Structure formats: structure tokens, C-alpha cells
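Keep in mind that what you see is a predicted model, and the values were worked out from it rather than measured. Values below: every heavy atom of this structure, side chains too, minus hydrogens, waters and symmetry copies.
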Amino acid sequence: MQIEQKQLITIEGSVDTVLFRNSDNGYVVLDLDTGSDYVTVVGELGNVDAGEELRVTGEYVTHPKFGAQFRATVCERKMPATASAILKYLSSGVIKGIGPTMAKRIVEKFGENSLDIIEKDPDRLLEIKGISKKKVDEVAQEFRRIFGIRSLMIFLSQYNILPSVAVSIWKRWGQFAIDVIKENPYVLCRNGIDLDFEKAEYIAEQLEIPKESVSRTRAGIFYILSRNTFNGHSCLPYDRLLAMAEKLLGTDESHFNEALDEELDDDNMAVYEKNGRKFIYLYDYYRAEQYITERLTLMRGCFIDNEQDYTQLIDIEEQTKKITYAAQQREAISLALSRGFLVLTGGPGTGKTTTLKAIISLYEQRGMKVMIAAPTGRAAKRISDLTGYQAKTIHRLLEVGYDSTGQLKFKHDRNNPVSCDVMIIDEMSMVDSILFEALLRAMKLSCRLIMVGDSDQLPSVGAGNLLKDMIDCGRLTVVQLTEIFRQAQQSAIITNAHKIVSGENPVLDIKDSDFFFMQRLDSSEAERLVSDLYKERLPKAYGYSPFDDIQVLCPSRKGALGVVELNKSLQAVINPPDKKLAEVKGMQYVFRDNDKVMQTKNNYDIIWKRDGESGTGIFNGDIGTIVKVRKNDNIVVIDFEGRIAEYGFELLEQLELAYAITVHKSQGSEFNAVIIPLLGGFDKLYYRNLLYTAVTRAKKLLIIVGSKNAVEKMVANNRRTLRYSCLKDMMEKSMAEGELTL
């Protein structure tokens with residue numbers, strides 16, 4: 001299929017009215033007077049104001065109510081030059097302290113030289129009746145602030161750096177920003193700016209900064225370590241980091257060591273030695289793993305109570321709840337109470353939730369306040385539904401705020417701990433090192449900790465391999481539930497999941513079960529079957545809603561049966577174009593009313609409302625439904641399971657359609673019906689743990705569409721995702737030392 005290439009157009013004019021402005025990212029909606037017409041222009045244009053002269057490049061898009069709008073991708077600006085344009089500019093209120101009346105007096109006095117006077121010789125404003133020296137100083141200071149960020153945006157625009165990035169840079173360095181960048185553009189790769197190394201490299205080339213610069217090598221090392229945290233690595237071996245740096249930067253070992261030493265001296269990085277091999281960390285990740293080690297070492301011996309026998313309490317709980325706990329469950333309940341610290345793990349159907357409910361009940365009977373947290377909103381809702389106790393996301397429990405420099409921080413920390421006696425974390429396999437450190441710091445020293453998860457599932461999206469490391473270190477209190485209960489044995493989803501994790505091929509030909517395999521060896525046929533199941537067959541046979549009950553899970557984003565293509569084909573049959581449905585085009589998808597969407601990155605600033613309650617933050621993996629595309633307001637209203645949020649069009653890049661999602665994004669969630677297309681072709685993503693995780697997302701019905709050979713290859717491939725981390729080694733050493741001192 002050919003994609004129509006839209007021709008870019010350039011228009012010029014003066015800003016008549018600014019209709020909307022987002023000061024955080026520079027997104028603007030304005031009316032541009034081109035001399036012959038007024039054009040509504042939208043885009044990240046920065047802090048433009050009425051009266052400015054703009055030259056914008058982009059394309060026209062059609063608005064259903066107001067007609068043509070111009071979506072600008074490039075903006076060149078110059079200050080108003082004529083007296084009338086300057087009057088409009090100053091009258092707009094852009095400079096605090098100058099209103100329409102004062103603007104008129106200034107322009108009447110100085111005409112076309114008004115802005116030059118304010119910038120270069122502001123004391124001449126005293127010539128105007130009614131302006132005090134204090135007012136002149138305030139106006140001059142405000143003018144310098146406005147034109148500082150304006151100059152920065154103009155400076156950065158020549159390197160195609162967006163105004164939203166310029167805003168962040170200005171917040172960090174203010175009026176010194178341009179000088180800082182000219183001296184060392186690689187500072188933009190960190191300090192909360194986090195510009196791509198390649199873009200900093202381009203700026204450096206234009207500024208003729210030599211390739212041998214130590215600043216370049218330092219930034220390159222930082223970039224490699226930072227990029228690899230997104231692959232789950234909290235550190236890298238020295239030799240591997242050196243090889244990557246040599247390839248990326250063309251540097252040698254001597255120059256690399258010089259740059260690395262400077263990073264270590266400035267506490268930007270840290271080194272840890274394990275088994276005679278050096279590992280290099282970004283300092284935040286080193287601090288996180290060190291603190292986790294210290295805190296768990298302390299907690300491990302804090303609450304031990306070997307004197308009380310909890311057998312009778314567990315017996316009473318059984319009688320009250322009319323339930324019989326298995327031996328492993330009784331052991332877990334007893335250890336949770338006597339040790340105050342427990343890792344509870346096990347596969348589906350082994351009774352983790354039943355055990356957890358007993359632990360919570362017995363703690364509450366002792367007058368202790370229990371809090372339950374989970375990594376995602378869906379995981380929190382799931383554990384709330386299963387246990388009957390309220391659960392929150394870890395982010396919401398810690399409450400996001402900002403420090404004095406505008407950087408994100410959690411409101412709850414060691415100086416403002418969370419008020420609870422027992423902290424329970426569900427879906428622990430999804431928790432990364434940085435988030436776990438923050439949670440531990442926010443817990444009182446007297447707070448007990450119970451962690452629940454399945455170590456056979458995929459590890460966290462963020463860096464680290466916490467749950468597996470805690471279990472494998474062999475020195476923490478761990479109970480692994482292995483017995484599959486009789487009721488669970490009736491489910492082929494559960495029995496096949498255990499076969500898969502044990503390296504056995506699942507039984508694919510069971511009839512009258514909740515686990516089905518439908519062979520399709522051609523990708524087009526498989527795609528048609530997935531669409532038919534999603535739209536027609538499952539809703540008719542089981543009454544399932546395509547939006548609320550059915551989820552397609554894919555190993556990969558790419559390919560004919562990957563997330564991107566399946567989302568487009570599923571949208572075409574589930575929610576096709578309709579004159580009654582408003583829509584807006586994003587970078588990859590068209591979003592329209594009723595579409596199922598997913599947030600793809602943590603955004604702590606989005607405001608949501610629910611039943612009179614309000615809060616902030618929509619997080620990576622949250623799934624919602626588009627309530628309304630309000631094109632006249634450049635707003636998309638989305639319902640995230642009761643939390644109603646308004647997205648400006650500039651935030652659409654953080655959304656994807658969610659009819660199909662990756663298995664990684666499905667972690668912590670359960671769906672009534674899951675469809676998994678498997679045909680192979682992506683060997684790196686076709687491995688046992690990924691298949692196991694996908695299968696265990698299904699609550700009532702699972703259908704695999706594709707090749708039996710692909711399923712068997714996944715089961716046979718027991719490749720565990722290699723993650724560089726020294727946490728297990730840190731815990732082993734720390735806890736061994738603790739044992740020697742007892």
C-alpha cells in the first residue's frame with residue numbers, strides 16, 4: 001500500500017492571537033495574520049506572543065468544525081519591527097508590568113525603537129510619565145528573562161531541537177544556557193535534559209568541538225550506560241563497556257579510562273567488583289542496589305519471633321474462613337508473622353492469593369495497619385479484586401512531587417514515611433531497582449515487608465532483576481508454593497502454564513477446555529482469524545466485550561502479526577472510520593472516539609478526575625478508552641478505568657492503540673480472554689518465559705493462533721534474559737558478614 005507523501009508548505013505572517021499555550025513543552029495554538037488571511041497554526045512553537053513575525057513550515061490538516069489548520073514542524077521567528085506590531089506585542093501582556101496603556105505610551109515615545117530601548121537602555125523609560133525606577137527595573141528584568149529563553153530557542157532551532165527541550169534547558173541553566181552549551185553541548189545528554197547523544201554530537205560538530213574532547217567521551221560512556229538501563233541492565237562489565245565505547249566513539253582504552261576516572265571522581269558513576277570482574281554503574285543505580293542490600297540485610301534479622309507458635313491462630317483462621325490451608329501455605333503464613341519479612345512466590349493456581357489474604361487478616365487482628373502496593377494500576381486493581389483489600393500503585397502510594405529545581409521526587413521518603421505497619425508488594429517481578437529503593441526509603445524501620453510474585457515471569461521493564469536475585473541469593477526468607485490445587489487443575493490454562501515453565505510442551509488438542517490452539521501457517525490467514533475471533537466469534541460465543549474482556553498479546557511489535565500492524569487491522573474492524581466519530585492523526589496511528597489506547601511512558605503531570613477525586617499521573621502500561629476527540633480544543637479525553645484525563649494533542653506521541661499489546665506490556669494484568677498469534681520469525685523474542693507470561697495473563701480463555709512448531713520452539717528455548725546486576729552478589733556478601741557478627 002502506498003502512503004501519500006504530504007508536501008511541506010511555508011507560510012509567513014504576524015501573530016494575531018495566541019489561543020492556547022502549554023508553558024511546559026512550548027505547544028501553542030495561534031492565529032497567524034498572513035496579510036491576506038488568518039490561519040490557525042498549531043505546534044511546538046515556544047513562547048511566541050501577539051505581534052511577532054513568524055515563518056512556519058508544515059502541512060495543512062482539516063478540522064471538522066473550523067476547517068483548515070496548519071500543523072507547524074519548523075518555526076523561524078523575528079521580533080516585531082513596525083510600531084503597530086510592537087504595540088500589539090507589548091499590549092498582549094507578554095512583559096509583566098506593561099499593559100495596553102503603558103504600551104501605547106512607550107510606542108508613542110520611541111516608535112520602532114521601543115524594544116531596543118527596553119533591552120539596551122531601559123532607564124530611558126523614565127522619560128515616560130508614570131513609570132518609576134522600580135517599575136523600570138522590573139520591566140528590564142522580565143524582558144531579559146523572556147528574551148533569554150527566546151534567544152535560546154532560536155539558537156537551538158538551528159540544530160532542530162524542539163522548544164519543549166529548550167524549556168527544560170532554560171529551567172536548568174537560565175541566562176547562562178547558551179554559553180554552557182557552546183562550551184560543552186554534551187551536558188545536554190544528562191542533567192534531566194537527556195538529549196540523544198547523536199543530537200549532542202551534531203551540535204558539537206557544528207560548534208567544531210574536537211572528537212578527542214574528554215567531555216565527548218564522558219558523555220558517550222554515560223549514554224551507553226543510560227541506554228542499557230532500558231535493556232534491563234543496572235550496570236555493565238568494564239570490558240563490555242569499553243568495547244561499546246570504542247565502537248561508538250572511536251576512542252582508545254587510555255582515553256576511555258581518563259574519561260571514566262573523571263566520571264567516577266564526580267560521583268556520576270561507581271565501580272563494583274564481582275568475581276574478579278569490574279562492573280560500572282550510573283551512580284543512581286549503584287546507590288539503589290546498595291541501599292536495597294543494606295535495608296534487606298537489616299530487615300532480615302529485625303522481626304524474628306521464634307517463641308510464639310502461630311499454629312493455633314492459623315487453625316482459628318481456617319475455621320473462621322471455612323478453608324483448609326496446605327502445608328506450604330501454613331508455613332508461609334507462620335513465617336510472615338514470625339519474621340515480618342517474606343518473599344512468597346509460586347505459579348498460577350498454587351494459592352498465593354489465599355495465603356496472602358490470611359496473612360493480611362492475621363496482621364489486622366493484631367491491630368497492625370496493612371498497605372498493599374503494585375507496580376501498575378491494572379495490577380493494583382487485580383489484587384484489590386482478589387483480596388477484597390484496597391491496593392494502590394507504588395507511585396500513587398509514594399505520591400509524586402517536585403523539588404526546588406523542578407525535578408520529580410516522591411513526597412514520601414525517610415523524612416516523611418508512609419504510615420503503615422506492614423507493606424505488601426504484589427507482582428514483585430515487575431518492580432525495578434530504582435522504584436524499590438524509593439519504596440524502601442519511604443518505609444518506617446519498624447515496617448514489615450511481604451513481597452509476592454512469580455519469578456518465572458518476565459523481569460521488570462526497568463533495570464534490575466529483583467525478585468530472582470532475592471530468591472537466588474539464598475539468604476532471605478522465601479516460600480515457594482508448588483502444589484496446584486484441585487480446582488486449578490481443572491483449568492488447562494493453569495496446567496499448561498506449569499508444563500511450559502517446566503520445559504514440557506503444552507497439550508494443544510484438549511477439547512471442551514479453556515485453552516485452544518488454532519493452526520494457521522500463513523500470516524494473512526492468521527491475521528484474519530485473530531480479527532474474526534476478536535470482533536465476532538468470542539463476543540457471540542461467550543458474550544465478551546472486545547474493549548473490556550479480550551486482549552491480543554504479541555511477542556513483537558514488528559511484523560505482520562506484531563503489535564503495530566494488528567492494531568491497525570483490529571481498529572479497522574472494531575472501530576472503523578465514521579462521520580459520527582471524531583479522530584486525530586498521531587505519529588503512528590489515527591486515534592478516534594471509542595478507541596482502546598495505552599500510555600507508553602510514565603507521565604507524572606497528567607491530571608485525572610474520578611468521582612469528585614482528582615490526582616496526577618498516568619503511567620506506562622495504563623489502558624483506557626477514548627471518550628471524545630475534541631478537535632476544536634486540541635484535546636483527547638480518555639477514560640483510564642474510571643480516571644478521566646485530558647490529553648493535549650502534543651501528548652499523543654505517548655499513546656498507542658491497545659487492541660494488541662506486547663507481552664511485556666501485559667505484565668501485572670489479567671484478561672478474561674487472551675489471543676496470542678505465534679508464527680515465529682523473531683527468535684530473540686520466542687522463548688519460554690515470554691510464552692509462560694503470556695499464557696498466565698488469561699483468566700478464563702486462551703487461544704493461540706499460528707504454528708505448533710513455534711510454540712514448541714518457545715518452550716525449548718529456556719534463554720533467560722541476561723541482565724547485568726550485582727545485587728545478588730551484594731546481598732550474599734552483606735548477609736554473610738551479618739551472620740558472622742551475630
Side-chain angles (χ1 to χ4, degrees), residues 288-289 291-304 328-329 331-347 350-360 362-363 368 370-376 379-380 382-384 386-387 389 391-395 397-398 418 420-460 462 464-481 667-668 725 727-728 730-731 735:
E289 294 195 352
Y291 183 81
I292 291 167
T293 297
E294 293 168 6
R295 186 66 185 270
L296 295 188
T297 301
L298 178 65
M299 295 183 76
R300 176 172 166 262
C302 258
F303 307 107
I304 296 178
Q328 289 178 332
Q329 291 179 304
E331 179 192 12
I333 297 166
S334 180
L335 285 171
L337 297 174
S338 62
R339 300 295 177 91
F341 177 90
L342 176 69
V343 177
L344 178 64
T345 184
T350 57
K352 292 195 301 294
T353 302
T354 302
T355 307
L356 183 59
K357 289 170 72 173
I359 292 170
I360 297 170
L362 290 171
Y363 267 130
M368 293 185 172
V370 179
M371 279 192 172
I372 308 176
T376 66
R382 174 178 171 271
I383 195 64
S384 290
L386 290 173
T387 64
Y389 295 90
K392 294 182 178 180
T393 65
I394 298 174
H395 291 89
L397 184 142
L398 296 178
V418 174
C420 71
D421 303 304
V422 182
M423 178 67 69
I424 294 173
I425 310 173
D426 191 36
E427 295 290 352
M428 191 63 202
S429 63
M430 296 178 62
V431 181
D432 61 68
S433 300
I434 296 291
L435 185 58
F436 190 46
E437 178 208 12
L439 182 60
L440 289 176
R441 288 186 184 276
M443 289 169 49
K444 295 182 295 186
L445 290 176
S446 60
C447 186
R448 296 163 184 252
L449 178 63
I450 312 297
M451 294 169 285
V452 185
D454 184 346
S455 61
D456 288 315
Q457 288 188 21
L458 294 170
S460 59
N465 205 359
L466 280 176
L467 183 60
K468 189 172 189 303
D469 285 345
M470 287 191 291
I471 294 170
D472 290 350
C473 83
R475 297 181 181 272
L476 296 175
T477 305
V478 178
V479 174
Q480 182 167 9
L481 303 177
Q667 287 178 266
S725 165
L727 178 62
K728 176 173 173 283
M730 290 178 185
M731 288 191 292
M735 293 174 190

For a quick test of reading the model, state the closest non-hydrogen atom pair linking L458 to Q667 and the distance between them. O-NE2, 2.8 Å
Side chain to side chain, S725 and E289, heavy atoms closer than 4.5 Å: yes
Taking all heavy atoms of L467 and all of G453, pick out the closest pair and write down the distance. CD2-C, 3.8 Å
What's the separation between atom CG in L435 and atom CD1 in I394, rounded to the nearest 0.5 Å? 4.5 Å
Applying side-chain contact (heavy atoms from CB on, under 4.5 Å), can you list everything that pairs with T345, at least two apart in sequence or on another chain? S455, I471, V478, Q480
Any heavy-atom pair between the side chains of D421 and Y363 that's under 4.5 Å? no
Tell me every residue that passes salt bridge (Lys or Arg N to Asp or Glu O under 4.0 Å) with K728, counting only those two or more places apart in sequence or in another chain. E732
Not counting sequence neighbours, which residues clear side-chain contact (heavy atoms from CB on, under 4.5 Å) with T376? List them please. R378, A379, M430
Report the residues that fulfil side chain to side chain donor-acceptor pair (under 3.5 Å) with S429, sequence neighbours left out, ordered by chain and then residue number. none
Of all the heavy-atom pairs spanning G347 and K352, show the shortest one and how long it is. O-NZ, 3.4 Å
Applying the side-chain contact (heavy atoms from CB on, under 4.5 Å) criterion to M428, which one of L466, V343, V452, D454 satisfies it? L466
Run the salt bridge (Lys or Arg N to Asp or Glu O under 4.0 Å) test against R441 and tell me which residues pass, sequence neighbours left out. E437
Could you pull out all residues at least two apart from Q329 that satisfy side chain to side chain donor-acceptor pair (under 3.5 Å)? T355
Any residue meeting side-chain contact (heavy atoms from CB on, under 4.5 Å) with A391, in chain and number order, not counting sequence neighbours: I372, A380, I383, S384
Which residues pass the side-chain contact (heavy atoms from CB on, under 4.5 Å) test with T353, not counting sequence neighbours? K357, L386, T387
What distance separates M371 CE from L397 CG, expressed to the nearest 0.5 Å? 5.5 Å
Beyond-backbone contact of I359 with V370, side-chain heavy atoms, under 4.5 angstrom: no
If you measure from OG1 on T350 to CD on Q328, what distance do you get to the nearest 0.5 Å? 8.0 Å
Side chain proximity check, M735 to L476, heavy atoms < 4.5 angstrom: yes
Derivation and outcome, side-chain contact (heavy atoms from CB on, under 4.5 Å), residues M731 and R300: CA-CA 11 Å; M731 288 191 292; R300 176 172 166 262; over 6 Å; no
Going from CD1 on I450 to CG on L344, what distance comes out if it is rounded to the nearest 0.5 angstrom? 8.5 Å
Find the distance between CD1 (I434) and OG (S460) and round it off to the nearest 0.5 Å. 11.0 Å
Taking the side chain as every heavy atom from C-beta outward, state whether L342 and R448 have any atom pair closer than 4.5 Å. no
All side chain to side chain donor-acceptor pair (under 3.5 Å) counterparts of Y389, not counting sequence neighbours: none
Please round to the nearest 0.5 Å and tell me the distance separating atom CG of L398 and atom NZ of K392. 10.5 Å
By side chain to side chain donor-acceptor pair (under 3.5 Å) - contacts of S433 (at least two apart): none
